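Single-structure report; data block below.
FYI, side chains are in, hydrogens and waters are out, and symmetry mates aren't considered; it's all heavy atoms of this structure. Quick caveat, the model's predicted, so the values are computed rather than measured. When a ligand or atom number is given, it counts from 1 through the structure's own listing order.
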Amino acid sequence: MSDEKLDLLADRLRRASRVTILTGAGVSAASGVPTFRGSGGLWRQFRAEDLATPGAFSRDPVLVWEWYAWRRELIAACKPNPAHDVVARWSKSFERCTVITQNVDDLHVQADTANLLRVHGSLWELSCWRKCGASPWHDESVPLQTLPPLCPACGGLARPGVVWFGESLPRREMEAAAAACACDVFLTVGTSAIVYPAAGLVHEAKRGGAFTAELNLDPTPASAEVELAIHGPADRLLSDIAQRLIP
Ligand code: BV8
Ligand code: ZN
């Protein structure tokens, strides 16, 4: 069964000039990065939605920083897997290919992905919690020099450069992501399609006439919406389709 589906998707990609790929935690699973809702999604007894909020940070910045420090330490040891490599290759091989990621691990960056939109930010960017005017800065130190890390300009608390629940997504990235929904093929890979507005993009692409497909280990709320849903590990499925695309 999935062979025909893989052939069909390969055929659509072969004929496409504008391709948009949305990725989630499932793409980094094979690199050893825990997903949010899968096993390992919980840290201590907390769900991501409990800690990844401005409210949680103002209540207990040290706790929230301990969680981000734990993720930075874990992800610093991870490398891109074949799923990232195929996406990176495709990002340079179609007439226009946009990669929209919800992941904050920057493994797509490490894989040298072109036209990458990080709509939820990055674990390796920090900014000033007080918004003193200091521009966000890059920090890959593991462990962090101090916990919590401080703003080099005003000495106040620093915060992780990620988008928390209840916060709006970065305007430039979201506008570019919305524009990229005008495409021939919209592929969603390794995401549970629950967190909005990112989860709304596949519907926008479908309304715009794109051929929509989902590659994910488990069915999601988007599975019934897309033209083609193929369930399996992202690294195997993407490598398989890439193989079929080789003339
Ligand atoms: C906002 C950064 C304006 C931080 C993240 C409409 C309807 C309902 C709710 C809302 C709505 N609009 C807004 C909301 C509220 C909220 C929301 O969507 N809540 C959800 C929980 C219902 N959205 C927001 O708050 C957004 N902001 O809307 O601002 C506004 C403001 C106030 C009020 C209204 C509007 C901000 C959302 C961004 C939050 N930040 N991350 C951090 O990382 O610390 S979200 C974070 O969770 C990730 O970035 C990602 O987006 C999400 C996790 O999802 P996935 O990546 O898909 O991971 P998950 O574990 O869930 O699933 C993994 C999948 O992979 C699974 O399906 C599994 O089967 C599969 N898989 C596993 N292994 C593999 C695999 N697949 C393939 N291969 C494998 N090997
Ligand atoms: Zn500051």
Side-chain angles (χ1 to χ4, degrees), residues 22-43 46-57 64-65 67-72 75 81-84 86-87 100-106 118-137 149-171 173-174 187-203 214-223 229-240:
L22 172 71
T23 70
V27 162
S28 294
S31 298
V33 180
T35 62
F36 280 69
R37 283 178 183 74
S39 59
L42 277 185
W43 177 74
F46 297 99
R47 291 173 324 135
E49 282 95 329
D50 304 334
L51 293 170
T53 68
F57 190 80
V64 172
W65 263 117
W67 179 48
Y68 282 99
W70 172 76
R71 292 168 68 187
R72 287 166 57 105
I75 292 167
N81 68 70
H84 295 107
V86 169
V87 169
I100 305 165
T101 191
Q102 300 167 79
N103 300 343
V104 294
D105 56 33
D106 281 2
R118 298 178 294 173
V119 294
H120 292 169
S122 166
L123 278 176
W124 310 107
E125 305 291 326
L126 275 60
S127 63
C128 179
W129 171 240
R130 282 195 195 147
K131 298 189 174 57
C132 72
S135 41
W137 62 97
L150 303 176
C151 168
C154 72
L157 266 180
R159 60 160 288 170
V162 298
V163 179
W164 282 330
F165 289 96
E167 293 185 321
S168 304
L169 277 56
R171 176 188 302 283
E173 280 80 2
M174 266 326 274
L187 193 52
T188 167
V189 189
T191 181
S192 56
I194 291 173
V195 173
Y196 282 76
L201 295 168
V202 67
H203 306 300
E214 174 188 69
L215 303 179
N216 203 57
L217 204 57
D218 310 298
T220 77
S223 304
I230 307 175
H231 296 129
D235 51 347
R236 182 171 64 71
L237 293 176
L238 285 170
S239 305
D240 195 319

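- Within ligand 1, the atoms closer than 4.0 Å to a non-hydrogen atom of Gly232 are 77 (C), 78 (N), numbered from 1 in the order shown.
- Residue Ala25 places at least one N or O, backbone or side chain, under 3.5 Å from an N or O of ligand 1.
- Polar contact check, Leu217 against ligand 1: a nitrogen or oxygen pair lies under 3.5 Å apart.
- To the nearest 0.5 Å, the span separating NE2 on His84 from CG on Asn103 amounts to 6.5 Å.
- Comparing Thr191, Val64, Leu51, Val104 against atom 55 (P) of ligand 1, the shortest heavy-atom distance belongs to Thr191.
- Side-chain contact between Asp106 and Arg118: present, with at least one pair of heavy atoms (C-beta onward) separated by less than 4.5 Å.
- Among Tyr68, Trp67, Trp164, Phe165, the residue whose heavy atom sits closest to atom 44 (O) of ligand 1 is Tyr68.
- When all heavy atoms of Phe57 and Ala158 are compared, the closest pair comes out as CZ-O, 3.4 Å.
- Side-chain contact annotation: Glu214 with Ser223, donor-acceptor N/O pair under 3.5 Å present.
- Each of the atoms 73 (N), 80 (N) of ligand 1 lies under 4.0 Å from some heavy atom of Ala29.
- The side-chain heavy atoms of Pro197 and Met174, taken from C-beta on, include a pair separated by under 4.5 Å.
- Side-chain contact between Pro54 and Trp129 is present, with at least one heavy-atom pair separated by less than 4.5 Å.
- Judged by the shortest distance from any of its heavy atoms, Gly121 lies outside the 4.0 Å radius around the atoms of ligand 1.
- When Val27, Thr188, Asp105, Ile194 are ranked by how near their heavy atoms come to atom 22 (C) of ligand 1, first place goes to Ile194.
- With Gly166, Gly200, Ser122 as candidates, the residue nearest to atom 32 (C) of ligand 1 on a non-hydrogen basis is Gly166.
- Listed by number with element, the atoms of ligand 1 under 4.0 angstrom from any heavy atom of Gln102 are 48 (C), 49 (O), 50 (C), 51 (O).
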Intermediate values then yes/no, side-chain contact (heavy atoms from CB on, under 4.5 Å), Cys154 and Arg130:
CA-CA 9 Å; Cys154 72; Arg130 282 195 195 147; 3.6 Å; yes
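- Between Asn103 and ligand 1, no N or O atom pair is found at a separation short of 3.5 Å.
- Leu238 is listed as a side-chain neighbour of Leu215, based on a closest heavy-atom distance under 4.5 Å.
- Close contacts of ligand 1 with Glu49, meaning ligand atoms under 4.0 Å from a residue heavy atom, involve 21 (C).
- Contact between Leu123 and Arg71 at its shortest, heavy atoms only, is CD1-CB, 4.2 Å.
- For atom 65 (O) of ligand 1, the nearest non-hydrogen atom from the set Ser192, Ser31, Gly26, Ser28 belongs to Gly26.
- Listed by number with element, the atoms of ligand 1 under 4.0 Å from a non-hydrogen atom of Pro233 are 78 (N).
- Rounding to 10 degrees gives 110° for the angle at the Zn ion (ligand 2) between SG of Cys151 and SG of Cys128.
- At a 4.0 Å heavy-atom cut-off, ligand 1 touches Ala234 through backbone and side chain alike.
- For the ligand labelled ligand 1, residue Ala48 lies outside the 4.0 Å heavy-atom shell.
- Residue Gly24 approaches ligand 1 through these ligand atoms, each under 4.0 Å from one of its heavy atoms: 56 (O).
- Taking all atoms of both residues into account, the shortest heavy-atom contact from Val64 to Trp164 is CG1-CZ2, 4.3 Å.
- Results of the side-chain contact (heavy atoms from CB on, under 4.5 Å) test with Ser28 over Asp105, Thr35, Ile75 single out Asp105 as the only residue that passes.
- Looking at Arg71 against ligand 1, only its side chain comes within 4.0 Å, counting heavy atoms.
- Between Val202 and Leu22, every side-chain heavy-atom pair lies at or beyond the 4.5 Å cut-off.
- Shown in contact with Asp218 at under 4.0 Å from a heavy atom are these atoms of ligand 1, numbered in order with element: 68 (C), 69 (O).
- Judged by the shortest distance from any of its heavy atoms, Ala198 lies outside the 4.0 Å radius around the atoms of ligand 1.
- Minimum heavy-atom separation, Ser192 to Pro221: O-CD, 3.2 Å.
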